[in-house]
Amino acid sequence: MNAIEIEGLHTYYGKSHILHGVSLTVEEGRLTTLLGRNGAGKTTTMRSVMGLTPAREGTVRIFGRETTRWPSFRIAALGVGYVPEGRRIFPNLSVEENLKVPLERPGPWSIPRVYELFPRLQERKLNRGRQLSGGEQEMLSIARALLLNPRVLILDEPSQGLAPLIVRDVFRIVAEMRNEGISVLLVEQNVRMSLEIADYAYVLDDGMIVHAGPAAELARDEERIQSLAGATAEEWHEKEPAA
Amino acid sequence: MLQLVLFNLFNGLIIGAFYVLTALGLSMILNLSNVINFAHGNFLALGGYLAYVLIPYIGFWPALVVSPLLTAVLGFVVERTMIRRIYGRDPIYSLLLTFGLAFMIQDGCRYIWGVNGLPLTTPASISQPLSQEFFFLTGYRLFVVGIVIVAVAALFAFLRYTRMGMRIRAGVLDLDTVSALGINVRLLRSLNFAFGIFLAGLAGVLAGGQIGLNPNMGDDLLLPSFVAIIVGGMGSLVGTLLGGLLIGVAAAITTIFYASASQAVIYVIMAVVLLARPRGLLGEEGLQ
Ligand SMILES: Nc1ncnc2c1ncn2[C@@H]1O[C@H](COP(=O)(O)OP(=O)(O)OP(=O)(O)O)[C@@H](O)[C@H]1O
Ligand SMILES: [Mg+2]
């Protein structure tokens with residue numbers, strides 16, 4: 001069974017037509033990455049999968065259930081952990097309170113266990129969300145999604161705006177999740193690092209899938225990386241000062 | 001003179017306590033549902049009338065809990081069947097809907113219980129003045145203050161220490177993300193609405209015991225409660241608490257010097273607070 005199956009998705013914001021028939025599959029137990037430059041429609045695709053901006057046409061299937069018109073909370077309750085773009089941690093809640101918001105699905109993840117994975121969060125557990133650094137916020141957002149005990153984890157640009165060292169940490173943890181048996185859909189602009197850890201890759205441009213294939217294959221195709229996946233944006237990220 | 005000042009201060013505290021109960025419920029509903037519930041004062045009256053019906057059968061003390069609960073159940077049903085349909089729409093819809101509800105509940109009360117005031121009998125044990133000198137310190141008034149303190153403390157503890165309370169606080173700023181974390185936000189909103197209505201029902205029973213029941217009894221509380229929310233800062237329940245007490249006490253103190261300005265002073269305070277802090281006393285806290 002596939003974790004996520006998207007077919008012919010058309011999504012709009014009001015009148016603007018953003019996704020033009022996007023199809024992609026996240027196989028169970030694998031790490032699939034969705035690449036693409038700014039404004040390609042990656043976040044919109046994720047929002048459609050999560051039911052936050054439902055598609056007008058096409059279907060979303062998650063673990064075999066058709067979820068296209070479901071409200072977000074039902075989709076999440078199937079075991080879909082979502083780390084949204086910009087982290088979206090709750091700024092008025094403490095770190096520990098942030099971790100108590102998600103639905104308590106049964107499974108291996110508990111608050112002590114995520115503190116083991118992210119010791120920094122335990123040190124800051126009484127701080128408000130808004131007092132955290134960008135890297136800490138990212139960890140909190142991932143930890144929060146893990147506490148739902150997801151079967152599939154969706155991450156939307158987890159490395160955005162983070163210092164290179166912390167970016168390494170984030171990618172290491174994402175790879176670890178796959179090794180734990182969680183299926184992963186990783187949206188990134190950081191093309192090279194994503195392809196290093198991914199099994200399969202898609203490239204989105206202007207609301208259409210323009211490439212699909214094994215990650216290793218795409219990683220060798222230097223020209224394609226340059227032209228399709230917004231390598232300039234990546235370089236810009238690399239040069240960015242520490243967050 | 002001391003007696004007069006104390007008398008009015010205490011009066012202000014009582015009035016403030018009623019503002020606080022009403023405003024906290026309104027504020028909870030506004031924060032999570034983005035709906036200004038113009039029927040809030042009518043749910044309050046309904047709570048009082050339900051106690052009037054129940055007291056002969058179950059007595060005052062059980063009715064103090066059961067009538068607000070029944071009012072809350074009704075609020076839950078109203079949210080599920082009507083209010084939720086207008087979420088995300090232009091505010092004009094919620095204004096029309098809750099105004100309509102206000103008239104329906106008010107006329108319903110009038111139809112069933114009549115236009116004339118009805119007394120709500122309170123137990124003799126809490127109705128006596130505590131002393132001759134401080135005649136205004138009846139046991140009942142102390143009791144009202146005590147119950148309000150307990151209810152407000154329970155509300156804040158609930159919001160602070162339970163998972164559901166955390167989800168409500170998180171949802172005030174970002175309901176989509178709460179939903180994407182698997183929480184049934186439709187149910188969360190319905191329950192939150194019911195909690196707000198519970199507080200209104202409780203205020204209705206308490207007010208009924210003090211000034212009696214009539215179909216319009218909530219109307220005088222509604223406007224000052226809005227002012228309390230605005231003075232305290234939208235999105236902050238602690239602010240609402242402070243705002244309610246502040247305007248209650250200010251109105252009472254003004255009564256000593258210039259009685260006819262006691263209502264106007266509420267709006268003067270609002271203007272002054274908004275000039276100094278456009279988002280209210282604690283407005284930034286929740287909204288940032
Ligand atoms: N709420 C919105 N209303 C209208 N248009 C939007 C909205 N959000 C995004 N868009 C538009 O939809 C297109 C796709 O945006 P989307 O956020 O999905 O891209 P993205 O691939 O995630 O980009 P980025 O890498 O910058 O995050 C863009 O042209 C954007 O301007
Ligand atoms: Mg995006």
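Letters A, B, ... are given to chains in the order of the sequence lines, protein chains preceding strands, and every chain is numbered from 1.
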Over 12 non-hydrogen atoms of neighbours within 6.0 angstrom of CZ in B:F158: yes
Testing the basics here: between B:I183 and A:L103, what is the closest heavy-atom pair and its distance to 0.1 Å? CD1-N, 3.5 Å
Taking every non-hydrogen atom, the tightest pair across A:V101 and B:A170: CG2-CB, 4.1 Å
Please round to the nearest 0.5 Å and tell me the distance separating atom CD1 of A:I89 and atom CG of B:L173. 11.0 Å
Run the side-chain donor-acceptor check on residues 17-29 of chain B: report pairs under 3.5 Å with partners two or more places apart or on a different chain.
from, atom 1, to, atom 2, distance (Å)
B:T22, OG1, B:F18, O, 2.7
B:S27, OG, B:T240, OG1, 3.2

As an exercise, state the distance from CZ of A:R47 to CG of B:D176, rounded to the nearest 0.5 Å. 6.0 Å
To check you understand the geometry: which heavy-atom pair defines the closest contact between A:F73 and B:N184, and what is its length? CZ-OD1, 3.2 Å
Kindly state each residue pair satisfying salt bridge (charged side-chain N to carboxylate O under 4.0 Å, His left out) with at least one member in residues 69-93 of chain A, sequence neighbours excluded. A:R87-A:E138, A:R88-B:D174
Closest contact, heavy atoms only, B:L181 versus A:A76: C-CB, 4.0 Å
Spacing of CG belonging to A:L93 relative to CE belonging to B:M166, to within rounding of 0.5 Å: 7.5 Å
For A:P102 against B:R163, the heavy-atom pair lying closest together: O-NH1, 4.1 Å
Minimum-distance pair of heavy atoms, taken over all atoms of A:S72 and B:S179: CB-OG, 3.2 Å
Run the side chain to side chain contact (heavy atoms under 4.5 Å, CB included) test on B:R167 and A:K100 for me, step by step, so that the C-alpha distance in whole Å, both residues' side-chain angles and the decisive distance to 0.1 Å come before the verdict. CA-CA 8 Å; B:R167 287 164 185 160; A:K100 286 182 174 167; over 6 Å; no
Is the number of heavy atoms from other residues, nucleotides or ligands within 6.0 Å of OH (B:Y161) greater than 12? no
Applying a strict 4.5 Å limit to non-hydrogen atoms, the region of A:L148 in contact with chain B is side chain
If you draw a 6.0 Å radius around CZ in B:R85, do more than 12 non-hydrogen atoms from other residues or ligands fall strictly inside? no
Step by step, work out the side chain to side chain contact (heavy atoms under 4.5 Å, CB included) result for A:F90 and B:V172. CA-CA 10 Å; A:F90 304 114; B:V172 168; over 6 Å; no
